[in-house]
Each structure stands twice: as structure tokens, then as C-alpha cells.
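Computed from a predicted structure; not experimentally measured. Note on naming: letters A, B, ... go to the chains in the order of the sequence lines (proteins, then strands), and numbering restarts at 1 for each one.
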There are 2 protein chains.
Amino acid sequence: MSNISDIIELFIKELLEDASNQSVEIQRNELANYFKCSPSQINYVLTTRFSIDRGYIVESRRGGGGCIRIAQMDIEKDRYIEGLFSEIGESINKLKAVQIIELLFQRGIIKDREKEIMKAAISDRSIQSPFNIKNEVRANILKSMMLVVYRNKKDF
Amino acid sequence: MSNISDIIELFIKELLEDASNQSVEIQRNELANYFKCSPSQINYVLTTRFSIDRGYIVESRRGGGGCIRIAQMDIEKDRYIEGLFSEIGESINKLKAVQIIELLFQRGIIKDREKEIMKAAISDRSIQSPFNIKNEVRANILKSMMLVVYRNKKDF
DNA sequence: CTATTTGACTTTCTTTGACTTTAATTTTAC
DNA sequence: GTAAAATTAAAGTCAAAGAAAGTCAAATAG
């Protein structure tokens, strides 16, 4: 204990607890100043503790008035998606990805057009990277989209 | 949050909401004075937030009694999507991609959750390719997804 | 060795101000 | 009284400065 990263992690998680809509906005420099650490420490915490795999979506804006938004999915409540996530892992081929998307549709978690959009996003035609990282990129895209779906159930 | 540009953007959009004919007239100096900012700030907001690819037309007249008119374009969905396609081209950065997605939502072409799914798919976190092809991949993903929307209008 | 911390450098977005251009109004010359 | 000139009242442009956040690699801690 008592490394700053853990403390900042906890702090952000408390903010998220208090937030009504499961998302908070922070200012990197402000937070860094508050914890008397370097600004890039905040980035470190975000990438190591608030990654997609852990159920968080992080967005940011630079420039004057810039900020970082952290949104959370309540992964505990959804053992199901947790299972799918670990199945996807770091890398997934197109066939398996499509299967998972179809599954989500069958379960009534996504609508028809959402299914089609997701399939389009992870198609080989989309991920035309000339290197052998297609499946890694596909895994990331799929997980990101799934997070949105799970976070956003209310809108369904 | 809380940068003046965003506030002015919001203000103008509210004016547009209230306007009967989807267009409003403002006076640059008056507005600048109201928000206690430099007049050229207004130009900045107009070029970054009310550009033609965001669906706005801005006209102005200089000299005494001059003013700026901002009008919201009302374009047929099909032609609209086609135009956006050519704008995306081979490569697109994240900001522009998000703008296009927001536009589709604003125009009622996609739903809220579809918007979020699409934004997740083209986020930097998703497209974690270690090489300099991010923007190419992003363009492909976005176009693929838009194609689904375009073909699948009936479901909306 | 792995995880953390820091700092120098980069990128992106915003804000400001000095200068330019254009249009309307007022003044002047005839 | 009218046409040209001067003045004034807008809006436009552009580049520099400022305000964030991002990256990456070296140093440090455990």
C-alpha cells in the first residue's frame, strides 16, 4: 500500500460511487496537483487501472478547459459479460467475434441494427491493417462496443 | 468543461432551437461583449462548431449594421450520407469521426445507443495499432458502419 | 524483475490582439 | 443637390501565446 497510484485509483472510484450517472470528469493537472504528483502519473493510473478490460471508458479533450471523463460499467452485476470479455481476451478472430455478437442479439441485449453495426465494425474489411494485429484490434473494438451496450441498457 | 467556446456554442444552438425558421442573426461585437470575450472568439466558435460539414451555413455582412446569419441545413438523409462518405475518404482523425457520428445523431439518422457504439468502435483505445495507420483503419470502420445504417434505413 | 514515478517533449484546442477588409454614414467640394 | 472623400462601424484573418492532455523513456522502488 501507500503508493500514489493506488490512492488515486481509490479516489477516482469513490468519485464514481458518488456520481449519479456512473461517470465523472476530472482535470488532469488539478488532480495531479491535489496529490502532489506529476500529471503523467494520472495517465499511468488510467491506463493501468481504468482500462477497457476492467470495465471503464476513458475519454478526454485537450486544450483550454480540457478534461478527462471516466465512465464505468458495473461489471459485478453482469457476470455474463464478464465471461464474454475473458473469452475475447487480447485477440479474437472474425468468426468468433461474429458469434459473440449474434449471441448478444439472441439474448435480446442488442437490436438488429446494432448487431449489424457491430459486425461491420469488426469485419476484415474495416480492420485493414497490413500487419498481423488484426485480431488484437478486433478484440479491442468489440470490447469497447460491448461496454457501451452494457453501460447503456437504460436506453434500450 | 467551462471553456467559453462551448458556452457560446450552446447559446447559439439554443437560439436556433427557438427560431422558427432554423436560422438566427447575431452581431459579433454584441455577442462578444455579452460573453466578455474577444470578437474573434466568435469567429473561432463559428468555424470550429458551425462549419458546413457540421450542417450549418454561415453568412455575414460587414460594415455598419452588419451581422452574422447562422442557418441549419436541412438535407435529405440519403444525399447527406453520401456526402459524408467522400469527406471521410481514406483517413480520418478521431475528432472528425466523432463529429460525423454526432451529426448523424443530430439529424435523426442514428439513435443514441448506436451513436455510442459507433464512437466506441472508432475510439483511440479501440484502434490500438502500434503503427501509424490508426486513421486509415478508423476511416474504414466508420464507413463500414455507416454503410449498414445507410442500407438499413427501414429499421429505424 | 516488475511496477511505479518523474520529467522532458509533443500534440491539440482555445484565447487574444493587432491588422485588414467591407459597408454604411457623414462631411465636404463644387 | 449631388458626387467624391472621410469617417465610422461593423466583420474577417492570422499568428502568437496560453492551457490543457498525451507520450515515452529513464530513473526509482519494492
Side-chain angles (χ1 to χ4, degrees), chain A residues 1-12 24-54 56-71, chain B residues 1-12 24-52 54 56-71 91-99 102 123-132 134-135 138:
Chain A
M1 183 51 72
S2 79
N3 75 54
I4 296 186
S5 290
D6 287 341
I7 295 170
I8 296 174
E9 176 188 4
L10 222 65
F11 180 81
I12 293 175
V24 291
E25 275 186 10
I26 58 165
Q27 288 212 263
R28 191 179 75 145
N29 289 344
E30 195 184 87
L31 204 59
N33 199 48
Y34 180 66
F35 284 109
K36 299 263 188 286
C37 64
S38 73
S40 52
Q41 180 92 49
I42 308 298
N43 295 89
Y44 177 72
V45 173
L46 291 177
T47 52
T48 57
R49 268 78 162 176
F50 295 87
S51 62
I52 286 171
D53 285 313
R54 293 190 180 207
Y56 296 91
I57 293 175
V58 177
E59 297 165 308
S60 64
R61 249 180 71 196
R62 306 186 191 191
C67 67
I68 300 174
R69 165 121 52 90
I70 304 154
Chain B
M1 179 66 80
S2 77
N3 73 54
I4 296 184
S5 291
D6 287 343
I7 295 170
I8 296 174
E9 175 189 4
L10 222 65
F11 180 81
I12 294 174
V24 291
E25 276 186 9
I26 59 166
Q27 288 212 263
R28 192 180 75 144
N29 289 344
E30 195 184 89
L31 204 59
N33 199 50
Y34 179 65
F35 285 109
K36 299 260 189 288
C37 64
S38 73
S40 52
Q41 180 94 50
I42 307 300
N43 295 89
Y44 176 73
V45 173
L46 291 177
T47 52
T48 56
R49 269 81 162 170
F50 295 88
S51 60
I52 194 138
R54 285 188 176 209
Y56 296 92
I57 292 176
V58 177
E59 297 164 310
S60 64
R61 242 182 58 211
R62 306 186 191 192
C67 68
I68 301 173
R69 165 122 55 90
I70 303 153
S91 167
I92 189 169
N93 66 30
K94 192 199 150 199
L95 184 68
K96 269 194 119 176
V98 168
Q99 281 173 5
E102 286 290 347
S123 72
D124 276 318
R125 294 212 159 202
S126 291
I127 314 171
Q128 259 170 13
S129 50
F131 311 103
N132 285 350
K134 255 185 194 171
N135 289 342
R138 192 181 347 255

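Among the atoms of the strands shown, only primed sugar atoms or phosphate atoms (P, OP1, OP2) are found under 4.0 Å from some heavy atom of B:Ile68. Looking at heavy-atom distances under 4.0 Å, A:Ser5 makes contact with sugar-phosphate atoms alone, never a base. Counting any heavy atom pair closer than 4.0 Å across all strands shown, A:Ser60 reaches sugar-phosphate atoms only and no base atom.
Side-chain proximity of A:Asn43 to the nucleotides C:dT14, D:dT23, C:dT16 is greatest for D:dT23. With D:dT23, C:dT5, C:dA23 as the candidates, the nucleotide lying closest to the side chain of A:Arg28 is D:dT23. Which of C:dT14, D:dG22, C:dT5 sits closest to the side chain of B:Gln41 comes down to C:dT14. For B:Ser40, the side-chain atoms get nearest to D:dT13 when compared with the rest of D:dT13, D:dC24, C:dC13. Picking from D:dA20, D:dC14, C:dT15 the nucleotide with the shortest atom distance to the side chain of A:Arg62 gives D:dA20. For B:Gln27, taking side-chain heavy atoms from C-beta onward, the closest of the listed nucleotides C:dC13, D:dA10, C:dT16 is D:dA10.
Here the P atom of nucleotide D:dG12 and the CZ atom of B:Arg69 are 14 Å apart, to the nearest Å.
Taking the side chain as every heavy atom from C-beta outward, A:Glu59 and A:Ile68 never approach each other to under 4.5 Å.
Side-chain N/O atoms of B:Asn29 include one lying less than 4.0 angstrom from OP1 or OP2 on D:dA11. Phosphate proximity of C:dT4 to A:Tyr44: present, with a side-chain N or O under 4.0 Å from OP1 or OP2.
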